[in-house]
Amino acid sequence: MKAERLVTSLRFPEDFLWGSAASAYQIEGAHNEDGKGDSIWDQFSHTPGNVANNDTGDVACDHYHRYREDVELMAFLSLQAYRFSISWPRVLPQGKGEVNQAGLDFYHRLVDELLDAGIAPMATLYMWDLPQTLQDEGGWANRDTVKNFQDYASIVYQAFGDRVHLWSTINEPWVISFGGHYYGLLAPGMKDAETALQVSHHLLLAHGQAVQTLREMGDKRCKIGIVLNLTPIHPASEGAEDHEAASRADGYMNRWFLDPIFAGNYPEDMLTWFGDKVPAIEPGDIETISTGIDYLGVNYYTRLVVEAFPSETLIGLRPIPVEGSEYTETNWEVFPQGLYEILIRLMNEYQPPAIYITENGANFPDEADETGQINDVKRIEFLQDHFLQAHRAIEEGVPLLGYFVWSVMDLFEWDSGYSHRYGLIYVNRETLERKVKRSGLWYKQFIQQQMFMGEAQ
Ligand code: IFM
């Protein structure tokens, strides 16, 4: 750690929540146990060539069976909150209709274990594992999926709303829409711009309807929001074309989701740009989407520097690498000040009532040293630099209430399989044995003392 990074004390608000996160398909395993139905990720990962090394989430971290040990480790890390997602096909194997009580029971056990350990649960309703039966009927491109999501949301809220008081509807609708339906890198692996845009609208609609439904079901203690991956976009040059390209990138990655949620409209410039690809929007949809939320979840990883590139057909641009910058294994630029930039922008332009950083973290190659320790100093530096930016934003008035480090343990990183590690806890892929990394110990101490360990290297 470089000497100039050292900070001794950094006070966050008294009731600030420090947590960590993971999602169902990425850690649970038990893909076909106790009545669970297949999800699009079961099908996608079982198709050779879709995931690095043909890895699957069949076993993942075996959290389904080891959740007790995992919650113990979370308590050891002094986590105050844990963000997890509920697997829709574990609860409703066919996506609708008959409820699988054994599936609900798993989450009952997990929530109880968390509460007993004094860790606040935050549940995400949809983190990418759509029941395959619903995909067979058109998936998120089919408007019926919105209604099915609403029914599923009310079943789980009914089951856990008494004990889980932080809820989010959809995780990263941009990634689901474009990563899964235009770039084809994620399940269901489609490559069609019109479908991607229709999916984005249905995801937003599903979010709005779920918020309305959960609110009608009552319980004022429950806070409901959505989680967006937000990315500051900077032009590669001062030229007008690069500036326009940056504005388009911002339009389709950030404003396409923020504007309807907070301002009740899709951005005009993007409607014009997408032209006849604009999704079917029915009367009343936008009003539903802009139903007020209690908080916005922000997943922040990197910024993009873009240049105009007319032969790229969807959006007419491409990202370019920044000389001298550090990059993670995913090839994402490490850019902590982007977190501050996004938070200040949200406060100034969209005024969310509250914000949580629902994901922030980095994947670097983690190897055990000769003593068996995982000395992931780069991850510590990464987190420290981002915490500083979050703190700066709070001092300027951003209503930031909590921070969830991604991820609590090494997990199935979607199309990269197990080749990328994000965890505070190392998972041995042969034995599934867990070992707290140095970053986990550092985070524990930070949570307890709100103080960075200033060790010079
Ligand atoms: O692992 C993912 C997570 O599932 C969604 N947000 C980004 C993370 C890192 O790629």
Side-chain angles (χ1 to χ4, degrees), residues 19-29 39-42 44-45 50-52 55-57 60-61 63 82-88 122-130 168-181 183 185-188 203 207 225-232 253-254 257 296-304 319 327-335 338-339 342 356-366 376 378-379 382-383 386 403-427 429 439:
S20 187
S23 85
Y25 189 75
Q26 293 182 277
I27 64 167
E28 283 179 6
S39 81
I40 53 174
W41 268 96
D42 291 306
F44 188 76
S45 68
N50 282 340
V51 175
D55 288 339
T56 73
C61 304
H63 173 72
Y82 171 54
R83 173 176 177 251
F84 64 99
S85 77
I86 295 174
S87 160
W88 185 345
M122 180 191 230
T124 302
L125 290 168
Y126 186 71
M127 198 140 166
W128 307 1
D129 46 358
L130 187 74
S168 58
T169 53
I170 309 276
N171 182 75
E172 301 184 354
W174 180 80
V175 178
I176 302 167
S177 309
F178 293 98
H181 299 82
Y183 299 111
L185 294 170
L186 304 172
L203 288 167
H207 153 74
I226 185 170
V227 173
L228 302 180
N229 55 299
L230 296 175
T231 312
M253 294 184 80
N254 300 323
F257 299 91
L296 177 68
V298 174
N299 290 358
Y300 176 74
Y301 287 93
T302 190
R303 71 159 167 178
L304 284 183
Y327 282 81
T328 66
E329 267 191 312
T330 314
N331 216 10
W332 287 347
E333 186 189 1
V334 176
F335 192 69
L339 177 60
I342 277 291
Y356 289 92
I357 306 296
T358 33
E359 288 180 28
N360 173 243
N363 55 345
F364 296 113
D366 294 324
D376 53 340
K378 272 178 183 291
R379 183 168 293 105
F382 180 98
L383 293 173
H386 285 78
Y403 205 117
F404 292 77
V405 171
W406 186 265
S407 52
V408 69
M409 66 183 87
D410 295 334
L411 39 68
F412 177 84
E413 178 51 26
W414 307 114
D415 54 321
S416 303
Y418 298 101
S419 62
H420 287 176
R421 294 179 178 273
Y422 275 91
L424 296 168
I425 299 169
Y426 185 89
V427 178
R429 286 308 319 157
S439 60

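Read the numbers this way: they start at 1 and go in the same order the structure lists the ligands and their atoms. Basis for what follows: all heavy atoms, side chains included, without hydrogens, waters or symmetry-related copies.
Ionic pairing of D366 and R379 is present here: one or more N-O contacts between side-chain nitrogen and carboxylate oxygen are shorter than 4.0 angstrom. Of the charged side-chain nitrogens involved, at least one lies within less than 4.0 Å of a carboxylate oxygen, so that R83 and E359 count as a salt-bridged pair.
In this structure, R303 is positioned above the aromatic face of F335, its NZ or CZ under 6.0 Å from the six-membered ring centre and within 45° of the axis.
With sequence neighbours left out, the ring pair (Phe, Tyr, Trp, His ring centres under 6.0 Å) criterion links Y301 to W332.
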Please tabulate protein-ligand N/O pairs under 3.5 Å for ligand 1, atom names and distances to 0.1 Å.
from, atom 1, to, atom 2, distance (Å)
ligand 1, 1 (O), Q26, NE2, 3.0
ligand 1, 1 (O), W406, NE1, 3.1
ligand 1, 1 (O), E413, OE1, 2.5
ligand 1, 4 (O), Q26, OE1, 2.8
ligand 1, 4 (O), Q26, NE2, 3.4
ligand 1, 4 (O), W414, NE1, 2.7
ligand 1, 6 (N), E172, OE1, 3.4
ligand 1, 6 (N), E172, OE2, 2.7
ligand 1, 6 (N), E359, OE1, 2.6
ligand 1, 10 (O), E413, OE2, 2.6

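Proximity of the aromatic rings of Y356 and Y403 is defined here by a centroid distance below 6.0 angstrom, and this criterion is not met.
A donor-acceptor pair shorter than 3.5 Å can be found between the side chains of N299 and E172.
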